[in-house]
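None of these values were measured; they are calculated from a predicted model.
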Amino acid sequence: MPRSSAPKKTWLAHYIELVAAWRRKAPHEDSEDAMQDAALRLLENAAATVDNPRAYLKRSTANGVIDRYRRQAILPTTPLHELDEHEHPQAPELESELVSRQMLADLKSALNELPLVCQQVYVRHRIEGWTHAEIASAMGISRSVVEKHMSRTLRHLNKKLQKYAS
């Protein structure tokens, strides 16, 4: 009777192993978030079709960390909990509502200045919560093209909405 080969590791075993490795390399929430996003994509996109889950998780996590750093370089943000109390945005309610309405109008105007494909990518990603892979598949373009359109849109919006950053 032939001996069966050792059972393959499941994606979860690789996930745990890679989380530990990423914590040693870059102890930051971005790597953990990127790893969770990769595992979620693996589950959503039929894990059975991935031949090498370890390689998929490793590459996908590395790409996710790179995407997060690129996004942060294009549009830097500071979480409210990291700001001093006097740095928190404050505006009276009526003024705040007026500013919000004006900002929304300016956002719509800035988006309308962009090509339709950039608008679609932005809305699907930021408003509807689609992943870059989902957008690429739905629009029949590559993921890198989706990222290019998103980057172009974010640079444009950052420039046009800069007055609200202060």
Side-chain angles (χ1 to χ4, degrees), residues 15 18-19 22 25-47 49-50 55-84 86-166:
Y15 177 83
L18 289 171
V19 165
W22 273 102
K25 284 183 182 179
H28 196 271
E29 301 98 29
D30 285 345
S31 59
E32 290 179 14
D33 289 344
M35 179 64 81
Q36 289 175 1
D37 291 345
L40 181 63
R41 280 191 306 277
L42 184 67
L43 290 172
E44 289 177 341
N45 298 326
T49 62
V50 175
Y56 175 86
L57 287 171
K58 185 177 180 181
R59 173 58 23 213
S60 189
T61 300
N63 289 345
V65 170
I66 291 167
D67 288 346
R68 289 170 191 279
Y69 285 122
R70 284 181 183 157
R71 192 176 312 121
Q72 183 65 24
I74 292 171
L75 189 62
T77 58
T78 304
L80 282 176
H81 70 274
E82 290 182 10
L83 296 175
D84 290 333
H86 69 278
E87 295 176 312
H88 283 228
Q90 300 202 358
E93 276 188 44
L94 182 58
E95 182 183 339
S96 178
E97 185 176 333
L98 292 173
V99 169
S100 294
R101 286 183 185 181
Q102 183 60 47
M103 187 186 316
L104 180 59
D106 290 347
L107 174 63
K108 288 178 180 178
S109 175
L111 279 172
N112 285 330
E113 294 172 1
L114 291 163
L116 181 60
V117 68
C118 288
Q119 295 175 38
Q120 291 170 332
V121 166
Y122 180 82
V123 168
R124 286 178 177 173
H125 185 65
R126 288 293 171 99
I127 310 283
E128 297 174 3
W130 291 28
T131 65
H132 287 182
E134 291 169 333
I135 296 168
S137 178
M139 296 180 76
I141 57 179
S142 70
R143 217 175 136 192
S144 65
V145 171
V146 170
E147 292 168 358
K148 182 186 93 176
H149 290 308
M150 193 67 190
S151 178
R152 177 181 179 189
T153 302
L154 291 176
R155 278 194 311 272
H156 179 74
L157 293 177
N158 190 29
K159 184 173 123 185
K160 292 294 184 173
L161 303 176
Q162 191 63 43
K163 66 183 177 185
Y164 296 104
S166 56

Neighbour count >12 (heavy atoms, 6.0 Å) for atom CZ, Arg143: yes
Euclidean distance, Ser60 OG relative to Asp67 CG, rounded to 0.5 Å: 9.0 Å
Under 3.5 Å: donor-acceptor pair, side chain of Thr153, backbone of His149: yes
Donor-acceptor contacts under 3.5 Å from residues 118-127 side chains, at least two apart:
residue: Gln119; atom: NE2; partner: Leu111; partner atom: O; Å: 3.1
residue: Gln119; atom: NE2; partner: Leu114; partner atom: O; Å: 2.8
residue: His125; atom: ND1; partner: Trp130; partner atom: O; Å: 2.9

Check against side-chain contact (heavy atoms from CB on, under 4.5 Å), Asp106 and Lys163: CA-CA 10 Å; Asp106 290 347; Lys163 66 183 177 185; 3.2 Å; yes
Contact check, side chains of Arg155 and Ile74, non-hydrogen atoms, under 4.5 Å: yes
4.5 Å side-chain heavy-atom contact, Met150 and Ile135: no
Set of residues satisfying side chain to side chain donor-acceptor pair (under 3.5 Å) with respect to Asn63, sequence neighbours excluded: Arg59
Asn112 (side chain) donor-acceptor with Lys108 (main chain) under 3.5 angstrom: yes
